[in-house]
Amino acid sequence: MEYDFRKIESKWQARWKERQTYRVEVNHNKPKFYVLDMFPYPSGAGLHVGHPLGYIASDIYSRYKRLCGFNVLHPMGYDAFGLPAEQYAVQTGQHPAVTTEQNIARYRSQLDKIGFSFDWNREVRTCDPEYYHWTQWAFLKMFDHYYDNATGRAEKISDLTARFEKQGTEGLDAACTAPMRFTADEWKAMNEKEREEVLQNYRLAFRADTLVNWCPELGTVLANDEVKEGLSVRGGYPVEQKKMKQWLLRVTAYAERLLSGLDSLEWSDSLKEIQRNWIGRSVGAQMFFEVADSPLKLEIFTTRPDTIFGVTFMVIAPEHDYVPQLTTPDNQAAVEAYLDETKKRSERERIAETKRVSGVFTGSYAVNPFSGKRIPIYISDYVLATYGTGAIMAVPAHDSRDYAFARHFGLDIVPVVEGGDLSVESYDAKSGKMINSGFIDGMDVKEAIPVMFDEVERRGLGRRQINYRLRDAIFSRQRYWGEPFPVYYKDDIAYPLSEEKLPLCLPRIDDFRPTEAGDPPLARVEGWATAEGYPYEVSTMPGFAGSSAYYLRYMDPHNDRELVSRQADEYWRNVDLYVGGIEHATGHLMYSRFWNKFLYDLGYVCEQEPFKKLVNQGMIQGRSNFVYRIKGTNKFVSCGLKGEYDTQEIHVDVNIVRNDILDLDAFRAWRPEFAEAEFVLEEGRYVCGWAIEKMSKSMYNVVNPDRIVEEYGADTLRMYEMFLGPLEQSKPWDTNGIDGVHKFLRRFWSLFTDRDGNLALSDEKATPAELKTLHKTLKKVQEDIENFSFNTSVSAFMICLNELGRCNKREVLEPLVVLIAPFAPHIAEELWELLGHTASVCDAEFPRYNPEYLVENSFEYPVSVNGKLRFKKELPLGISREEIEAAVLSDPNAQKYTEGKAPRKVIVVPGKIINIVI
RNA sequence: GCGGAUAUGGUGUAAUUGGUAGCCACGUUAGACUUAGGAUCUAAUGCCUUACGGCGUGGGGGUUCGAGUCCCUUUAUCCGCACCA
């Protein structure tokens, strides 16, 4: 009987559901293994064929681990809060909760058709109050903690206030927004509001006036990772810098741990590198430059203290606090004009014009502490207010930006490191001999740097300092569809809601636009306040809030007393394998690690890092097809002949094209304007052009997995997605070629069954050749799964079948059913049942290969003479090098090439090749 | 500008990690069967050449008996960061 995948797949999907095959519980008799996919945002467009790629890979791995005896946690859920649902709501008035619900239902039905082994009993949705209860809870915990650099972990705010009570800030080394100094008496003298303002400086979740990325089009602020090149990642709208009071998370407190933790992770080097760059640690010196004729001291940060003798001017950011004090009366007008100009420039313009040099002289001078020279102080927007101290010492000879600035304003350029040609460009390299630098003259740059660090500290000019590029995460969004903050305001002080009051549920509203006053939609809600009438926060949390700890919730999803129970956490610990896209490198993956480390400090989780191993699947691009219309006509010319006409390229729906041949009738039926289309064919066919583009509706290249499942079956889809190429590589989807995999499954099916669909296996003993093929395949597939090389394992199956021919021996075929089960679970279950097993193939034992069957007793050596391959010589294994040499040299073939001469040397690589050099 | 990755037939890719480049598929061609199909089976298929043979892993150079693989250099494409002091 034909391989009836529709019947088989619906049968087993129903049975899995009914028998709860994939339900998993804590089981101390088995080792655990946690396989996680990045949960999807359920968009209105549904899944296309690229989305399940990672899910299929992780499903194969989960099933494999289960066969190997692990208790596998493999959950799935939805990242359900977010902008698109809300924007859709603004346009249509449809409540985001409703559209989200619909989208989830659609996703679920699509996912179910592919035959995943998810434990749906553990599903989470970030928009579910029972879920965001714990997002809010974590926020409260962050609000109630600060980061103590001395203990290297988060500590209670009450410990901090107790300390202030006793000794003020004396001896305190804590992560903060701006350093503070006060005594115990000063603390005691503060009122509640003043004290809270102090504490906001230390809390891990805090409110501050900061320069934020404001996106007017979206009406919300965005985190740094949500902005790219001055445009919002979602929507691509311009983003401007604006000072606003916002909630932030003090991610920077964990910068060092986020960086050092990377070393212990099995992540790709490129991903780790992205995170390292994002954290951007740099070691340097923070030092003070005295301002001439003024009590002011200008604080700067530098990584090149060795170049101090080359400092010829200083630059401060336009937003720097000292701008007014440093501006002399006769420069006032020019400075104001410059500040105006820079304020008007958007972030985007600033980025676009990085080559343009601009700036203004303040009229003040600083004193170079080493050379004693007076150096002018400039204002320029090439110095960033948000990095370091917002002020720099400029060394034009050895920094390209300072060089450009000095050239533009005609400032001195003093070389202090030998090398380069300063008439053309600065010499930025960190190597060379120091010159014009007093006591460090003659040293190499690498020697000079530590010497200068010491000297700066000895003279009391400053100290060593580590700076990070990483910024605190802006945590409020002026949106509706997100987690409400569990805080209320009294006299403009934020107070946390008590934990018993959680979750603070998002109120239902009908109008999702900002208010006329520009406040977020929640400001429309009457009575959005505590029982006592104190107003709640009207912003909501950003998308990453809900996704930062979802992997923990899956461990214990129905617990209404805690995020995760100690027992569940201690059993499941952390994610052993995380599969998802690289696009979350600086967002979700950074925030999750931060969140997890925080919870670790508080003792709620037992592992420092949430995701042990991470695999990034590549993107699946679309493969678009084109037809060519002769301009001004309704005539279409086949691709190969289009050069002879003046044509217009038109995207055509890939679903009516097969192997680049257009289905003419389907094309005429596709759109009314093509109903009367005429064609210029080549060899009787219309050949379409093609291109690799993003998979999107507008390109008509979206392939829906439902359609593939309907036509070929889920097992074919699963195997074909893997066969397409290496998991981590981006590649285009091309439905051409799926036949090969489908054919393979049909052949596999037919080996087991007769025409009536009954089992037709023989109990005959397998030949050594068949056993060799079987065990070779077992070995290869197992190794490939462990290396995430799923494409080559699919090939291995095909080779296996080619080699087995029409073999129908049970001894050979039965292990193959288990072997293929992770890839094609439906057909495997059906065959397993036919083979007489009552338990699911999911609970079978992974077949181990027997190395004995793979042993060769002879090897065919390729023999080359002077590097040129000449003949092959078959020799028994296990003979010595000398014996091989003698056997080869006595071979008449060899003598023909050596012409009787003794070879200069003979190279024997056992098991590989023999080379004779004359 | 800095950092990372990739480059192999008409297409997707593979190569025991330095050992006969192109496995496995798609596509194409020819044939078989056939109540004609987008089914199945067989064979061929890197390029040039009637053949002998030659050339072939983006380009150039090197190490080596031997290089897709290692080194240097160069080009192209993709990704990340980007005035980070």
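Letters go in sequence order (proteins before strands), and every chain restarts at 1.
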Self-check item: Touch class at under 4.0 angstrom, heavy-atom based, for A/R281 against every strand present
Solution: nothing

Exercise. Rounded to whole angstrom, note down the C1' distance from B/G46 over to B/U29.
Key: 16 Å

Practice problem: Using only side-chain N and O atoms of A/K743, determine if any of them is under 4.0 Å from OP1 or OP2 of B/C26. | Solution: yes

Quiz item: Quick one: is A/Y387 getting a side-chain N or O under 4.0 Å of the B/C83 phosphate, OP1 or OP2?
Solution: no

Self-check item: Under 4.0 angstrom between A/N277 side-chain N/O and B/A82 OP1 or OP2
Solution: no

Quiz item: Between A/F5 and A/V709, which heavy-atom pair has the shortest distance, and what is it?
Solution: CE1-O, 3.8 Å

Practice problem: Searching all strands shown, indicate the nucleotide that pairs with B/U45 (Watson-Crick or G-U wobble; both distances under 3.5 Å). | Solution: B/G27

Quiz item: B/G12 P sits how many Å from A/M798 CE, rounded?
Solution: 17 Å

Quiz prompt | Length of the OH-P vector between A/Y427 and B/G1, whole Å | solution = 18 Å

Quiz prompt | Selection from B/C81, B/C83, B/C24 that lies nearest to any side-chain heavy atom of A/Y382 | solution = B/C83

Exercise. Give the C-alpha distance, both sets of side-chain angles, the deciding distance and a yes or no for side-chain hydrogen bond (donor to acceptor under 3.5 Å, both in side chains) between A/T735 and A/Y712.
Key: CA-CA 11 Å; A/T735 307; A/Y712 299 96; over 6 Å; no

Quiz item: Now, which nucleotide makes the Watson-Crick or G-U wobble pair with B/U16, with each of the two distances under 3.5 Å?
Solution: none

Exercise. For B/G58, measure the glycosidic angle (O4'-C1'-N9-C4 for a purine, O4'-C1'-N1-C2 for a pyrimidine) and name it syn if it falls within 90° of 0, otherwise anti.
Key: anti

Exercise. Please state how far atom CZ in A/F790 lies from atom P in B/C24, giving the value in whole angstrom units.
Key: 22 Å

Quiz item: Has A/R746 got a side-chain N or O lying under 4.0 Å from the OP1 or OP2 atom of B/U40?
Solution: yes

Quiz prompt | Mate of B/G80 where both pairing distances stay under 3.5 Å, Watson-Crick or G-U | solution = B/C2

Quiz prompt | First of A/S795 and A/R747 reached from the 5' end of RNA chain B, by closest nucleotide | solution = A/S795

Quiz item: If each of A/Q729 and A/I274 is mapped to the nucleotide of RNA chain B with the nearest heavy atom, which maps nearer the 5' terminus, i.e. the 5' end?
Solution: A/Q729

Practice problem: In whole angstrom, give me the gap between the C1' atoms of B/U35 and B/A30. | Solution: 25 Å

Quiz item: Roughly how far apart, to the nearest Å, are B/A82 and B/C70 at atom P?
Solution: 31 Å

Quiz item: Does any donor atom in the side chain of A/T792 or A/S789 lie under 3.5 Å from an acceptor atom in the other side chain?
Solution: yes

Quiz item: Watson-Crick or G-U wobble partner for B/U57, using a 3.5 Å limit on both distances?
Solution: none

Quiz item: Mind checking the P distance from B/G66 to B/C55? Whole angstroms is fine.
Solution: 15 Å

Exercise. Let me know the distance between CG of A/L298 and P of B/A85, rounded to the nearest Å.
Key: 18 Å

Quiz item: Is atom NZ of A/K772 surrounded by more than 12 heavy atoms (other residues, nucleotides or ligands) closer than 6.0 Å?
Solution: no

Practice problem: Could you tell me whether the side chains of A/S624 and A/N701 share a donor-acceptor contact shorter than 3.5 Å? | Solution: yes

Quiz prompt | Any donor-acceptor N or O pair under 3.5 Å, side chains A/R471, A/T386 | solution = yes

Quiz prompt | Between A/T716 and A/H742, a side-chain donor and acceptor under 3.5 Å | solution = yes

Exercise. In whole angstrom, give me the gap between the P atoms of B/U40 and B/A7.
Key: 33 Å

Quiz item: For A/F797, which contact category applies under a 4.0 Å heavy-atom criterion: base, sugar-phosphate, or nothing?
Solution: nothing

Quiz item: Who is the Watson-Crick or G-U wobble partner of B/U35, with both distances under 3.5 Å?
Solution: none

Quiz item: Using the C1' atom in both, what is the distance from B/A25 to B/U20, to the nearest Å?
Solution: 23 Å

Quiz item: Syn or anti: how is B/U73 classified when any glycosidic angle within 90° of 0 counts as syn?
Solution: anti

Exercise. Could you check whether A/N802 gets within reach of a base, just the sugar-phosphate, or nothing at all, counting any heavy atom under 4.0 Å?
Key: sugar-phosphate

Exercise. Answer with base, sugar-phosphate or nothing: what part of the nucleic acid does A/P726 contact at a heavy-atom distance below 4.0 Å?
Key: sugar-phosphate

Quiz item: Does a sphere of radius 6.0 Å around CG in A/D263 hold more than 12 heavy atoms from other residues, nucleotides or ligands, not counting ones at 6.0 Å or beyond?
Solution: yes

Exercise. Could you give the distance separating B/A39 and B/G22 at their C1' atoms, to the nearest angstrom?
Key: 30 Å

Practice problem: Report which part of the nucleic acid A/E728 touches: base, sugar-phosphate, or nothing (heavy-atom distance under 4.0 Å, all strands). | Solution: nothing

Quiz item: Heavy atoms under 4.0 Å, any strand shown: does A/N736 hit a base, just sugar-phosphate, or nothing?
Solution: sugar-phosphate

Quiz item: Partner of B/A7 by Watson-Crick or G-U wobble geometry, both contacts under 3.5 Å, or none?
Solution: B/U75

Practice problem: Could you tell me the separation between the CD atom of A/E583 and the P atom of B/C81, rounded to a whole number of Å? | Solution: 12 Å

Quiz item: Do the side-chain N or O atoms of A/N616 get closer than 4.0 angstrom to the phosphate oxygens (OP1, OP2) of B/C79?
Solution: no

Exercise. Quickly work out the A/K780 NZ to B/C24 P distance and round it to whole Å.
Key: 13 Å

Exercise. Look at the side-chain N and O atoms of A/S282 and state whether any lies under 4.0 Å from the OP1 or OP2 oxygen of B/A85.
Key: yes

Practice problem: Indicate whether the side chain of A/Q286 and that of A/E299 have a donor and an acceptor atom separated by less than 3.5 Å. | Solution: yes

Exercise. Using the C1' atoms only, state how far B/G68 lies from B/U6, rounded to an integer number of Å.
Key: 14 Å

Quiz item: Can you check whether A/R469 has a side-chain N or O nearer than 4.0 Å to OP1 or OP2 of B/A82?
Solution: yes

Quiz prompt | Nearest to side-chain heavy atoms of A/D739, which nucleotide of B/C83, B/G27, B/C41 | solution = B/G27

Quiz item: Rounded to whole angstrom units, what separation is found between the CD atom of A/E721 and the C1' atom of B/G12?
Solution: 14 Å

Exercise. Using Watson-Crick or G-U wobble geometry with both distances below 3.5 Å, tell me the partner of B/C70, or none.
Key: B/G62

Quiz item: So what does A/D660 hit on the nucleic acid, given a heavy-atom distance under 4.0 Å: a base, only sugar-phosphate, or nothing?
Solution: nothing

Self-check item: Rounded distance in Å - CH2 (A/W278) to P (B/G4)
Solution: 19 Å

